S.K.: 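One structure, pasted below without further comment.
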Amino acid sequence: MDIRKAVIPAAGFGTRFLPVTRTVPKVMLPVLNEPAIQFSVREAAVAGIEHIVFVISRGQEATNDYFQPTPSLELALEERGNADLLQAMRGISSMAHTSVVYQDEQLGLGHAVLMAKDAIGDEPFAVFLPDDIIYADSPPIGEMMRVFAEYGSSVIAVKQVPDAAIPSLGVIDPEPLSERVYRIKGMVEKPRLEDAPSNLAIIGRYVLTPDVFDAIENGRPGAIGEIQLTDAIEAVRAEQGAYAYRIIDDHFDVGTPAGMLKASVYAALLRDDMAREMREWLAAALVD
C-alpha cells in the first residue's frame, strides 16, 4: 500500500528557545530563512506524500497557516513583477494538503501520534520529527518507503552515533540485511554504553503500520506519565517484525539552539549568494 499521509508532532512548548517561543511555535523558528518544519514537509512532498497532519497545541495555528495560500502577498509580488519569489511562495502552499489535530496534554511522542489516529485511518503512514533536518539528494523518507514496500513492516531511521551520545538515545539491536538496511531484533531506550546492542540510534523518521495506534492505546505510561512511541513500535515489532534504514546524509538536530545555529550556517554555505561571505567570516572568526 502506498504511503499517502504523514504525521508531524509539533505541539511542544520549545522551552529551550524561550523567550522567543512564548508566542512563536518552535517549529516555525528559521533555519536561515525557512521555518524548520518546512524541511520535513518538503521531504514528505518530494517523496510523494499527499497529506500532512500537524499535531499542535492550542495557539500554534501559525504552523498550519504558513502552508496555506497568501493572496495579498502573492498579489503584491505579482504587481511588482517578482516572478521568482511569487513562484516560491505558491510552491509552499502547494507542497501538500495539510490539516491539524490538537494535543491538549504533553504526554509524550506516542500520545502525540495517537492524536492523529482518526486523520490517518487504517493505512500505513510516515512520522517526521521536525527537530531532525536531513540534507540528502534523495528524500530519506522515500528510501524508507521503498524498504516498507519490500518487507511490509515498520521502518525506522537510524544513524551511527558516538559512544557519548548512546545513553541519551534509543538504540536498536540490528541484523544487517544490506549495506543500509537492518532487521530490528530489539530496541533499547537510553541504555548504558556497556549495555547498548549497537551504535545505531533512532532518529526522527518512521514509516509505521496503523497497528501502532492500538499498541499506543494499550501501552503503559512511563515513570513520568509519558507514552513512548518506541514502546509501541517494539510491541508491534514483536508480532510483525520491523526494519531500520541507516541515514548517512548530513543531519542536524534543531531542537537545541546550538543545533539550530549549525543548521543555519550549513544552509548559508550551500547558497551561491552567501557561501563566499560566510566562509570568509568563519575563517576570520576562527583566527580571532
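For the numbers below, each heavy atom of this structure counts, side chains included, while hydrogens, waters and symmetry mates do not. Bear in mind that the values here come from a model prediction, so they are computed numbers and not experimental data.
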S.K.: Using a 6.0 Å cut-off, check whether atom CG of D2 has over 12 heavy atoms from anything other than its own residue.
M.R.: no
S.K.: Would you find more than 12 non-hydrogen atoms of other residues, nucleotides or ligands less than 6.0 Å from D273 atom CG?
M.R.: yes
S.K.: Check whether more than 12 heavy atoms from other residues, nucleotides or ligands sit under 6.0 Å from atom CD of E277, and answer yes or no.
M.R.: no
S.K.: Roughly how far apart are I203 CD1 and H251 NE2, rounded to 0.5 Å?
M.R.: 4.5 Å
S.K.: Any side-chain heavy atom of V188 sitting closer than 4.5 Å to one from P197?
M.R.: yes
S.K.: According to a hydrophobic-cluster definition based on side-chain heavy atoms being under 4.5 Å apart (Ile, Leu, Val, Met, Phe, Trp, Tyr only), do V212 and I202 belong together?
M.R.: yes
S.K.: Show the numbers, then the answer: is there a side-chain contact (heavy atoms from CB on, under 4.5 Å) between L200 and Q160?
M.R.: CA-CA 5 Å; L200 293 174; Q160 290 181 327; 3.5 Å; yes
S.K.: Please check if the side chain of E78 supplies one atom and the backbone of A76 the other of a donor-acceptor pair under 3.5 Å.
M.R.: no
S.K.: Please enumerate all residues that pass salt bridge (Lys or Arg N to Asp or Glu O under 4.0 Å) together with E105, with sequence neighbours excluded.
M.R.: none
S.K.: If hydrophobic residues (ILVMFWY) are linked whenever their side-chain heavy atoms come closer than 4.5 Å, directly or via other members, who joins L193 in its cluster?
M.R.: V161, I166, L169, V171
S.K.: Is there a side-chain contact between L208 and V7, using heavy atoms and a 4.5 Å cut-off?
M.R.: no
S.K.: CE of M274 to CG of N33: how many Å apart, nearest 0.5 Å?
M.R.: 6.0 Å
S.K.: Take a 6.0 Å sphere around CD of Q68 and say whether it holds more than 12 heavy atoms from other residues, nucleotides or ligands.
M.R.: yes
S.K.: May I ask you to check whether Y151 and Q240 show a side-chain donor-acceptor distance below 3.5 Å?
M.R.: no
S.K.: Do you reckon F128 sits in the same ILVMFWY cluster as Y66, going by side-chain contacts under 4.5 Å, direct or chained?
M.R.: yes
S.K.: Quick one: closest heavy-atom pair of I247 and K159, and the distance?
M.R.: O-CB, 3.9 Å
S.K.: What pair of heavy atoms forms the shortest contact from E123 to I120, and how long is it?
M.R.: CG-O, 3.4 Å
S.K.: Carefully, step by step, assess V31 and Q38 under the rule side-chain contact (heavy atoms from CB on, under 4.5 Å).
M.R.: CA-CA 9 Å; V31 176; Q38 184 166 328; over 6 Å; no
S.K.: Do L109 and V158 land in one hydrophobic cluster if side-chain heavy atoms of ILVMFWY residues count as linked below 4.5 Å?
M.R.: yes
S.K.: For Q106 and S57, which heavy atoms make the closest approach, and how far apart are they?
M.R.: NE2-OG, 3.3 Å
S.K.: Mind telling me whether H51 and H97 have parallel, tilted or perpendicular rings, with 30° and 60° as the class edges?
M.R.: tilted
S.K.: Could you state the interatomic distance from CZ (F252) to CG (L261), rounded to the nearest 0.5 Å?
M.R.: 10.5 Å
S.K.: Distance check, rounded to the nearest 0.5 Å: L286 atom CG versus W281 atom CH2?
M.R.: 9.0 Å
S.K.: Which pair of heavy atoms, one from L32 and one from R271, lies closest together, and at what distance?
M.R.: CD2-CD, 3.6 Å
S.K.: For the side chain of K5 and the backbone of A119, is there at least one donor-acceptor N/O pair under 3.5 Å apart?
M.R.: yes
S.K.: Could you tell me whether a side-chain N or O of D249 sits under 3.5 Å from a main-chain N or O of A136, the two making a donor and an acceptor?
M.R.: no
S.K.: P9 versus L129: any side-chain heavy-atom pair under 4.5 Å?
M.R.: yes
S.K.: Where do Y243 and R183 land on the side-chain contact (heavy atoms from CB on, under 4.5 Å) test, with the steps shown first?
M.R.: CA-CA 5 Å; Y243 299 84; R183 188 190 313 276; 3.0 Å; yes
S.K.: Are I172 and M187 close enough that some pair of their side-chain heavy atoms sits under 4.5 Å apart?
M.R.: yes
S.K.: Apply the test salt bridge (Lys or Arg N to Asp or Glu O under 4.0 Å) to residues R205 and E43: give CA-CA distance (whole Å), side-chain angles for both, the deciding distance (0.1 Å), then the verdict.
M.R.: CA-CA 11 Å; R205 299 290 186 277; E43 182 182 331; 3.0 Å; yes
S.K.: Measure the CD-CE distance between E50 and M95 for me, rounded to the nearest 0.5 Å.
M.R.: 16.0 Å
S.K.: Scan I52, V55, V53, I56 and name whichever one has a side-chain contact (heavy atoms from CB on, under 4.5 Å) with V100.
M.R.: I56
S.K.: List the residues meeting salt bridge (Lys or Arg N to Asp or Glu O under 4.0 Å) with E74, not counting sequence neighbours, and say none if there are none.
M.R.: R90
S.K.: Does atom CZ of R276 have more than 12 heavy-atom neighbours, drawn from other residues, nucleotides or ligands, at distances under 6.0 Å?
M.R.: no
S.K.: Flag yes if more than 12 heavy atoms outside K117 fall under 6.0 Å of its NZ atom; otherwise flag no.
M.R.: yes
S.K.: Can you find a heavy atom in the side chain of P139 that is under 4.5 Å from one in the side chain of R42?
M.R.: no
S.K.: Tell me the closest heavy-atom pair linking T63 and F67, and the distance in Å.
M.R.: O-CD1, 3.3 Å
S.K.: Determine whether I141 and V207 make a side-chain contact, defined as any pair of heavy atoms from C-beta on separated by less than 4.5 Å.
M.R.: yes
S.K.: Nearest 0.5 Å, please: how far is CD in Q60 from CG in D65?
M.R.: 12.0 Å
S.K.: With a 4.5 Å heavy-atom cut-off, do T21 and T15 have their side chains touching?
M.R.: no
S.K.: Can you name the nearest heavy-atom pair linking M144 to I156, along with the distance?
M.R.: CE-C, 3.7 Å
S.K.: Would the distance check show the side chain of R180 and the main-chain N or O of Y245 forming a donor-acceptor pair, the cut-off being under 3.5 Å?
M.R.: no
S.K.: Taking everything shown except Q87 itself, do over 12 heavy atoms lie less than 6.0 Å from its CD?
M.R.: no
S.K.: Taking a hydrophobic cluster as the set of Ile, Leu, Val, Met, Phe, Trp and Tyr residues connected by side-chain heavy atoms closer than 4.5 Å, whether directly or through intermediates, do Y206 and I49 fall within one such cluster?
M.R.: no
S.K.: Give the C-alpha distance, both sets of side-chain angles, the deciding distance and a yes or no for side-chain contact (heavy atoms from CB on, under 4.5 Å) between Y102 and E61.
M.R.: CA-CA 10 Å; Y102 291 97; E61 288 78 10; 2.8 Å; yes
S.K.: State yes or no: do V155 and I3 share one hydrophobic cluster built from I, L, V, M, F, W and Y residues joined by side-chain heavy-atom distances below 4.5 Å, directly or via other members?
M.R.: yes
S.K.: Would a 4.5 Å heavy-atom cut-off, applied to side chains only, mark V27 and F54 as touching?
M.R.: no
